Protein chains: 2
Amino acid sequence: MPEFTTLEYENLNSAVYGALCDALIQGRFQPGDRLKIRDLAEQFGTSVTPIRDAILRLANDEAIIFRSPRDIRIPGLSESRYREIRSIRVRLEGLAAETAAQVATSADIEALERILRENEQAIEAGDRLKGTQLNQAFHFILPQIAGLPVLNGILRRLWLQMGPHISDAYIQGGRAMIDHHYPVVEALKRHDSAAASMAIVDDILLGGKPILERIERGEERQTRRA
Amino acid sequence: MPEFTTLEYENLNSAVYGALCDALIQGRFQPGDRLKIRDLAEQFGTSVTPIRDAILRLANDEAIIFRSPRDIRIPGLSESRYREIRSIRVRLEGLAAETAAQVATSADIEALERILRENEQAIEAGDRLKGTQLNQAFHFILPQIAGLPVLNGILRRLWLQMGPHISDAYIQGGRAMIDHHYPVVEALKRHDSAAASMAIVDDILLGGKPILERIERGEERQTRRA
DNA sequence: ACGTCAAAAAAGATGCATCAAGTATCCTAC
DNA sequence: GTAGGATACTTGATGCATCTTTTTTGACGT
């Protein structure tokens with residue numbers, strides 16, 4: 001269960017922000033979707049103020065954009081931007097994997113293997129949502145094992161931007177999403193930093209291939225109206 | 001002149017956010033300093049609303065923290081956190097330097113050399129503020145040359161967190177702040193990616209040494225009252 | 001002096017009214 | 001039937017009142 005709020009105490013603002021982050025990461029928004037503060041306020045049963053706060057934070061994360069002062073939307077993702085995000089992930093998740101390999105305990109390994117088992121089951125059951133969630137859980141747990149909270153926050157933000165663009169695509173890769181995870185765990189067991197780094201890089205590049213191909217095909221509806 | 005606002009149109013919120021970001025990066029806040037929304041509203045001559053918006057964005061960047069629901073402060077920087085930020089910078093600025101080396105034009109090189117010349121002058125003149133500003137400009141221009149806007153945003157956020165902790169320390173390093181910049185430019189001229197990456201890593205590790213030593217010495221006043 | 005506790009003041013959270021600017025709708029004129 | 005324009009509506013920005021909780025302060029007793 002990833003922790004998304006950076007504010008340590010609870011308020012409506014953080015609750016809304018967390019809920020919208022979850023929705024974004026789970027792909028429940030499509031590129032081009034428009035967000036309206038008053039509508040969201042009604043959905044959440046609050047006034048507009050906490051919604052505005054959350055929307056502003058999301059805009060600061062570049063997870064949503066203000067196309068004009070009154071037009072808040074889920075942004076598109078150009079091919080070059082996706083490639084940049086992928087390059088950044090390669091560097092940062094590589095660092096996380098290296099560090100994790102050095103410090104991973106047997107409890108950490110068990111947690112990873114549990115995620116893999118659940119992911120297997122989700123794929124067999126055809127549960128796409130759970131499949132992508134567990135895939136994300138795998139990626140987020142590495143910086144946690146490594147004890148790198150700043151890195152974790154950066155990756156979280158990148159995932160907010162990718163979320164609306166990976167929901168459908170991942171499935172087309174079938175088991176490719178999970179196959180590359182096993183070598184990572186094997187490397188962590190051996191405390192082999194170099195192998196762990198290479199394995200996670202493989203996962204990012206190969207496992208993410210369907211997403212890139214989808215963006216290249218231009219199946220994005222970036223400027224779709226509502 | 002780095003562009004800090006992610007909202008493309010102008011409003012009070014972004015103006016306040018930008019001003020506070022500048023203040024943070026320039027070290028005009030000290031760790032432990034307390035921020036009060038009403039006070040800032042008076043200083044900026046606005047109501048509390050745009051200030052709250054900006055404060056919330058800054059908190060989302062982890063540039064400021066809510067120690068309690070009514071206590072907004074500049075956070076401290078533990079040694080482990082600084083080391084983590086440094087590791088991330090090594091990876092990301094390494095990537096920026098590699099990419100920049102491949103695509104840098106002669107105009108880009110000239111811009112870099114202009115910054116170096118101005119930085120020399122600022123150091124000679126003993127202008128600390130301008131010195132640190134130009135040092136930052138050097139680091140921010142590399143991802144711009146490389147055409148990596150996402151990377152740029154991540155580094156900007158990291159700098160927001162480091163800002164309050166580097167103001168004094170850098171000076172103690174004397175010319176060390178700038179000496180390591182020359183090999184970077186030389187590598188870019190030769191379009192030598194590997195050398196550029198190594199040079200910028202040297203700068204981060206060696207140039208940042210005074211900061212780490214200061215944090216290790218515990219000269220931080222993280223919980224200082226006002 | 002120091003710690004404790006209570007009252008007073010401060011401060012952020014939340015809700016809401018209003019404003020300005022942009023959008024949609026509908027009516028009219030040709 | 002269509003084009004143009006005026007009107008009504010939508011929507012985020014801003015300001016502000018109020019509420020609750022925290023923080024500060026100061027008096028009191030030890």
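Predicted, not measured: the structure shown is a model, and the values here were computed from it.
When the side-chain nitrogen and oxygen atoms of B:Arg34 are compared with OP1 and OP2 of D:dT24, one or more of them lie within a distance under 4.0 Å. In this structure, B:Ser68 reaches the D:dT23 phosphate: one of its side-chain N or O atoms is under 4.0 Å from OP1 or OP2. Remark: B:Ser47 is in phosphate contact with D:dG15, judged by side-chain N or O atoms under 4.0 Å from OP1 or OP2.
Between the C1' atom of D:dT20 and the CG atom of A:Asn11 lies a distance of 13 Å, rounded to the nearest Å. In this structure, CG of B:Leu56 is placed 7 Å from P of C:dA13, rounded to the nearest angstrom. Taking atom NZ of A:Lys36 as the reference point, atom C1' of C:dT23 lies 10 Å away to the nearest angstrom. Distance CG (B:Asp39) to C1' (C:dG12): 13 Å, rounded to an integer number of Å. Counting to the nearest Å, the C1' atom of C:dA11 and the CG atom of B:Leu40 are 12 Å from each other. Nucleotide D:dG12 holds its C1' atom 15 Å from the CD atom of B:Glu10, rounded to whole Å. Following rounding to the nearest Å, A:Asp71 (CG) and C:dG22 (C1') show an atom-to-atom distance of 10 Å. In this structure, the CZ atom of B:Arg73 is 13 Å from the C1' atom of C:dA11, given to the nearest Å.
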_side chain to side chain donor-acceptor pair (under 3.5 Å) assessment of A:Asn60 paired with B:Asp61_ = CA-CA 8 Å; A:Asn60 195 41; B:Asp61 292 333; 2.8 Å; yes
*Stepwise, does the side-chain contact (heavy atoms from CB on, under 4.5 Å) test hold for B:Leu112 with B:Ile141?*
CA-CA 8 Å; B:Leu112 281 166; B:Ile141 207 175; 3.2 Å; yes
*Could you walk me through whether A:Leu35 and A:Ile64 pass the side-chain contact (heavy atoms from CB on, under 4.5 Å) check?*
CA-CA 9 Å; A:Leu35 301 178; A:Ile64 61 181; 3.9 Å; yes
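Under a 4.0 Å N-O distance rule, the pair A:Glu42/A:Arg38 does not qualify as a salt bridge.
The aromatic rings of B:Trp159 and B:Phe140 are tilted relative to each other, their planes meeting at an angle between 30° and 60°.
Note on A:Ile72: only backbone sugar-phosphate atoms sit closer than 4.0 angstrom, heavy atoms only; bases stay farther off. Heavy atoms of B:Ile51 sit nowhere under 4.0 angstrom from any nucleic acid atom.
With distances taken from any side-chain atom of A:Leu12 to the nucleotides D:dT23, D:dG12, C:dG15, the minimum falls on C:dG15. Checking D:dG15, C:dT14, C:dG12 against every side-chain atom of A:Thr49, the shortest atom distance belongs to C:dT14.
For A:Arg70 against D:dT11, a side-chain N or O and a base N or O form a donor-acceptor pair under 3.5 Å. Below the 3.5 angstrom threshold, one finds no donor paired with an acceptor across the side chain of A:Arg52 and the base of D:dG12.
Residue whose closest nucleotide on DNA chain C sits further toward the 5' end, between A:Asp53 and A:Pro69: A:Asp53.
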